[in-house]
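Written out below as structure tokens is the structure these notes cover.
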Amino acid sequence: MAFAIRKKRTRELLLIWFFLAPSLLIFALYRIIPLLWNGVLSFEFWSPYKPAEFAGLYHYEEMILYDDVFWQSFWNTAVFMASAPIGILFALVIALLVDTPIRGRNVYRTIVFMSYPVMTVAVGIIWQWLYNEDVGLINYILRSLGMSGRGIPFLNSSTYALPAVIVASIWQVVGFYMIILLTGLQNIPQSLYEAASIDGASAWQRFKRITLPLLRPSIFLCFVIGIINSFTNFDLIYVMTDGGPSHATELLVTYIYRVAFKLGQFDYAAALTIVNFAFFVFLAWLANRLSGGEAGAVEST
Amino acid sequence: MLRWSFLLNRYVVTFGTIAVAAALWNLYIAFNDDGIVEGRVVGPSGQPVAGAEVILSERTLLVTEPRQRVTTDEAGTFTITGHRYHRVWLKAVKPEIGASPQTEYRLYFRGANLHLEEPLRLEAGAS
Amino acid sequence: MTLKRLTGVAIGTAVAMAVGLGATSALAQSQKKISIMTWNIPYFEEGMKKWIDLYHQKRPDVQVEWIDKKGTEFSTFYQTQVVAGTAPDIIDIQGGLWLEYASQGGLVDLTPLMQRDKEYTAGLYPEFANGWRFEGKNYGVPFYISKTLLFYNKNMFKEAGLSGPPQTFDQLMQYAEKMTGGEKSGLMTLNFDWLYWPFFAVNGIELVTPDLKKAAFNTPKAVALVERLAKATQAGVINKISWTGRWVEPNGAFAAGNIGMLHAHAPAYFWFQSKGPWVNADTVGAANFPGGWSTPNSHALLMSKGTKHPEEAWDFMKLATSGEGAFIFGTGSNNLTGDKAANARLMKYFEEKIPAVVPALKTQLENLDKLVGNWPLAKDAQVKEAFYPELQAAMMGEKSAKEALDEAEKKVNRVLQRR
Amino acid sequence: MTRYPKWAIHLGLAIICTLMLIPFYWVLKTSLTGENIFSYPPAILPENPHLFYYVDVWYSIPFFRYLVNSVVVSIIVVVGNVVLNAMAGYALTRDFTGKGSVIMLFLSCMMIPFQVTIIPAYLITKELGLLNSHLGMALPLCSTIVCIFVFKASFDAIPKSLIDAARIDGVPDWMIIFRIMVPLSQSAIATNIILAFIWSWNNFLWPLIIIRDNDMQTLPLGLARFLTVVEDTTGALYAFCIMVLVPGLMIFLLAQKQFIAGLTSGAAKG
């Protein structure tokens, strides 16, 4: 009997790993091996034209001690990440609105979601125009309302550029957030609200006591997506500002790309990649420590 | 009879409609892509001009290149056949009278037949 | 269940399509083949066909592959191909990108070939050919040429009571100031690569020492110049887009008719003409920058080190950059080439077809001894990256000129001294 | 659930939708008029709209060929995602040693930006002999982490009793999956289809790197044709953007019902 159970268990384990294998293989080929490659490269002097030479910690030293742009892009990435809650809050409001039993809510949902499937390049080009200092729509409206004399050069000022890019990025992803939150909302049993109403809870109390807690896994999933976004959102910045002006919108990912392919320092870019990755692993660990149960919720979403 | 009802879902209907529309459009194109341009050339006062040269040009990057030339008949009408463009420029010239401004005609597909409602009007003195 | 059925149909379609398409692309691999990679000229399709026909008259047995990439993705694609050992044989490069490849030994030294084919080499402009020389070796042959010049809006000149283009730098700034007001600003420049360097050259400022080892730009004169330019920028005399826009924004603004003078290179003309219907010979003038200084922004054809057929590739390069081939390119892309004879023919062609652009094109062949901003720096891209953001910060009023230049000097020196 | 009057909700949503739609409106308007978007003041209504920029797009690039390539790649990606993610998602619903590490591994893989993997990924694809092929373009996207978790959550939501009952009856594992779990996870499948389609459809840098053959290019690569510096291609550029957008929207609209339900089980039933 014990043998039979063990045999069954072995078969099950085989099945599990067989099922995981294709996905693991794809990730190994396209994520993990490249990451290891970067790891090796970061300790070498290397270019496409020359054999590699051992460099020790040269690149890491350069980065941490001398490279202001690295630090700036590091902070920009952190700011970008910290802005995720704004988008999520906005999405939450929309989700609550389209969750009400009103006519045409499917139309509203579709419209809000519509920005997500647009090619990022197109999003970049159109927002570039919206923000344009002389002819952009936003400045046109501001001027028509008499709120500013000369146009505000949103993307050309180191003060406004990063927030401006963040707004465009939120515009693009808010529909995606909304859908996630909306689905979370729809899963909350109506009976809970009814019971709370009978107990005389106000709308705000019901929101705080029922909606928010039960929505936590969805909100957390949004956060994860927001954080991924701040690490991988490349196209939008590339098109809108190319990291400028004066690196005001440089994120780690755009900086790595610039260093590798525009400045031809693949070895240095590899070191940046490793630090970028370490930064994320640290964040994940921190989130895990701080939120305990929440990370478990992400695992199961 | 019920067997075919599974075809009535939105996927089949949507893609089917698109396929049918595309097929119809291609059918329409097949019957109308002989590259025929028909029209008339008139003088400044509206009288038909015989023997005017009509030039069909294509635009390459930034300059227009003449591709075909025909001459109008007694009634001032002309017919160009076999063009393969989706944007054509037409201009009529008769040295003794003048020339019409080079005008762009955009078409919905390559080689579409074009029947000019408005005649090409020569302007005195222009060339 | 709908979804399941859909999935089944989808798999079938995908497999069928993949098999069908795969079969066609698997054919014909055994022949000798050279590949040429160009820089954002996807519209040159017809001309490329003519080139290949011409080439086949001489070498009927060699297949030619054409790849075209946009400038922003060009180096990403190329360097990936280099690592994989499948680099295109011939590449068309703009700006200083090639210097890095050449300094690391990634390009073929064309000097022996150019010396061998004297007749061909003699037909090229030596000034433009020398722009592709690094440490005494020629790595490229000029393909199409352009350099900066000053376009000016004649309507705005008239309104401001000005006639003719400025002759000195002070005049340039005065004119710009006169035309500024309301929506209008007097001056705009393109800023990518080193296109703005004539502003420094006309004031006698050098970027690096002659041995290319140290920064030489941090002088009181330079500080005064940067202060002046920054002040003009803050006052709107120089449009801010000069320091932030790339191509579309500055040229688009000029096309909108609100810019007095635009410091750009010749191809800009076609672009803003297509956006601004008002642009013609009577409304837009073209002149040399004060002092005749200009930054070349030319393209060259270069050969990758990994090429298996250098002779075949060299024949194609010669064909594309001289005689009939160069003429085909000039008419197909509205550019001047590096070949003197072809340019003489092209000038006639432009005079007949697009007379409005002729004044701008004429400047391209003048003052060839006053080209600046084309230092053969092995780390050109990194130097640019160290210098420009600081200059930009000063122009946007975020740093004082002194601070910015100090910082830039420190960074540029670090790049030049780093391994 | 709420006591706000309906007109207020409609008003709020109308404002939000307007904000979301303005950029779309502008793309659409410019694709119909081709005007210089850098002219001032901007024209709010299109003047003399026409469809000819769409015709230009069709002929400027081998549109149909690119479309077919895009469709093929997207189908491979969508099928790959549905099948492989379902398998991985199912595996993650079971208990086994190393499960925590696998999940951590998946999560950290999400954070490696594609841009830093270009060169090694290219070399690997070359070794696999998949350069210049549809499968080569599709493979890196064939399994995505977010979607694996969507499946896992959806499977988790299926009552254990149902599966146990089947097991006791001696139904083999694979049959349980295909006869019980997959039919009950239509919404997760819809989610996978939509997201995988969008990601694959808009993929730009990877096809750009591994495709040399003009016949193999996908639609987003056609973008370069409309960003040249010598021609006025504004109208065509925006028409192109619309033409690329439409299929994604269509898939969303078609699968919307299941999609919303799919993310529901994905997000909340943890």
Side-chain angles (χ1 to χ4, degrees), chain A residues 13 15-16 19-20 22-23 26-27 29-31 33-35 37-38 94 97-98 100 102 108 110-115 117-122 126 129-130 134-135 137 140 179-180 182-184 186-187 193 203 217-218 221 228 231-232 234 253 256-257 273 277 280-281 284 297 299-301, chain D residues 1-3 6 9-10 12-13 16-17 20-21 23 26-27 37-42 84 87-88 90-91 94 96 102-103 107-113 115-117 120-121 124 139-140 142-143 148-149 153 156 173 198 202 220 223 241 244-245 248-249 252-253 260 263-264 266-268 270:
Chain A
L13 273 179
L15 187 85
I16 285 171
F19 273 15
L20 279 175
S23 297
I26 289 174
F27 295 141
L29 285 178
Y30 288 102
R31 302 283 154 141
I33 295 177
L35 186 71
W37 182 83
N38 275 296
I94 302 174
L97 289 178
V98 295
T100 50
I102 52 165
Y108 290 129
T110 309
I111 289 175
V112 176
F113 182 76
M114 242 165 83
S115 58
V118 187
M119 269 201 306
T120 312
V121 178
I126 200 70
W129 168 77
L130 283 172
D134 296 316
V135 301
L137 189 68
Y140 175 64
I179 295 278
I180 293 173
L182 178 65
T183 55
Q186 292 187 330
N187 263 17
Y193 290 115
S218 308
L221 184 62
I228 298 172
F231 273 99
T232 56
F234 171 82
V253 55
I256 291 169
Y257 184 82
T273 304
F277 187 68
F280 159 69
V281 170
E299 281 180 12
S300 56
T301 42
Chain D
M1 156 193 165
T2 176
R3 291 177 310 194
K6 283 205 172 138
I9 294 170
H10 277 293
L13 282 172
I16 290 163
C17 287
M20 296 300 289
L21 280 177
W26 226 266
V27 173
I37 63 168
F38 288 100
S39 61
Y40 191 87
L84 301 186
M87 282 161 61
Y90 174 75
R94 314 298 295 270
F96 61 97
V102 170
I103 288 180
L107 276 177
S108 40
C109 279
M110 255 198 300
M111 297 296 164
I112 305 170
Q115 286 75 20
V116 309
T117 66
I124 288 167
L139 197 57
C142 270
S143 178
I148 289 179
F149 288 127
D156 274 336
D173 260 322
I198 291 173
N202 292 339
L223 190 72
C241 288
V244 175
L245 168 69
L249 273 185
F252 173 73
L253 288 175
I260 290 179
L263 277 163
T264 312

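Every chain is numbered from 1, with letters handed out A, B, ... down the list of sequences.
Comparing D:P140, D:G248, D:C17 by how many heavy-atom pairs each has under 4.5 Å with chain A, the most go to D:P140. The candidate from D:N202, D:V102, D:V27 with the greatest count of non-hydrogen atom pairs under 4.5 Å with chain A is D:N202. Contacts with chain A were tallied for D:L253, D:L13, D:L245, D:L21; D:L13 has the most, counting heavy-atom pairs under 4.5 Å.
Taking both residues in full, the closest heavy atoms of D:P23 and A:L130 are given as CG-CD1, 3.9 Å, listed atom of the first, atom of the second, then distance. Among all heavy-atom pairs drawn from A:I26 and D:C142, the shortest one is CD1-CB, 3.7 Å. D:M20 and A:S115 get closest at one heavy-atom pair: CE-OG, 3.5 Å. D:M110 and A:R31 make their closest contact through O-NH1, 4.5 Å (heavy atoms, listed as atom of the first residue, atom of the second, distance). Minimum heavy-atom separation, A:F27 to D:S143: CE2-O, 3.2 Å. Here the closest non-hydrogen pair linking D:L84 and A:P22 is CD2-CB, 3.5 Å.
With sequence neighbours excluded, the residues forming a side chain to side chain donor-acceptor pair (under 3.5 Å) with A:T120 are A:Q172, listed by chain and number. For A:T273, the side chain to side chain donor-acceptor pair (under 3.5 Å) test picks out no residue, with sequence neighbours left out.
To the nearest 0.5 Å, atom CD1 of residue A:I126 and atom CH2 of residue D:W26 are 8.5 Å apart. Remark: A:Y257 OH to D:Q115 CD distance equals 7.5 Å, nearest 0.5 Å.
Looking at D:F96, the atoms closer than 4.5 Å to chain A (heavy atoms on both sides) sit in the backbone and in the side chain alike. Residue contact with chain D, scored on non-hydrogen atoms closer than 4.5 Å, involves the side chain of A:L35 exclusively. Contact annotation for D:V244: only side-chain heavy atoms (C-beta onward) come within less than 4.5 Å of a heavy atom of chain A. At a 4.5 Å heavy-atom cutoff, the contact between D:L139 and chain A is made by backbone and side-chain atoms alike. Interface residue A:I228: backbone and side-chain heavy atoms are both found under 4.5 Å from chain D. With a threshold of 4.5 angstrom between heavy atoms, D:I16 approaches chain A through side-chain atoms but not through N, CA, C or O.
D:C241 has its side chain out of reach of A:V118: every pair of non-hydrogen atoms, C-beta onward, lies at least 4.5 Å apart. At a threshold of 4.5 Å between non-hydrogen side-chain atoms, the residues A:F280 and D:S108 count as touching. Put simply, the side chain of D:M87 does not reach to within 4.5 Å of the side chain of A:L20, judged on heavy atoms. Side-chain contact check for D:Y90 versus A:L15: some heavy-atom pair is nearer than 4.5 Å. Considering only heavy atoms from C-beta on, A:M114 comes within 4.5 Å of D:L249 through its side chain. Within the 4.5 Å cutoff, side-chain heavy atoms of A:S23 are placed close to those of D:I148.
Judged by distance alone, the side chain of D:R94 and the main-chain N or O of A:I16 form no donor-acceptor pair under 3.5 Å. Put simply, the side chain of A:N38 never gets that close to the backbone of D:T117: no donor and acceptor are under 3.5 Å apart.
Ring geometry, D:H10 versus A:Y108: the interplanar angle falls from 30° to 60°, so the pair is classed tilted.
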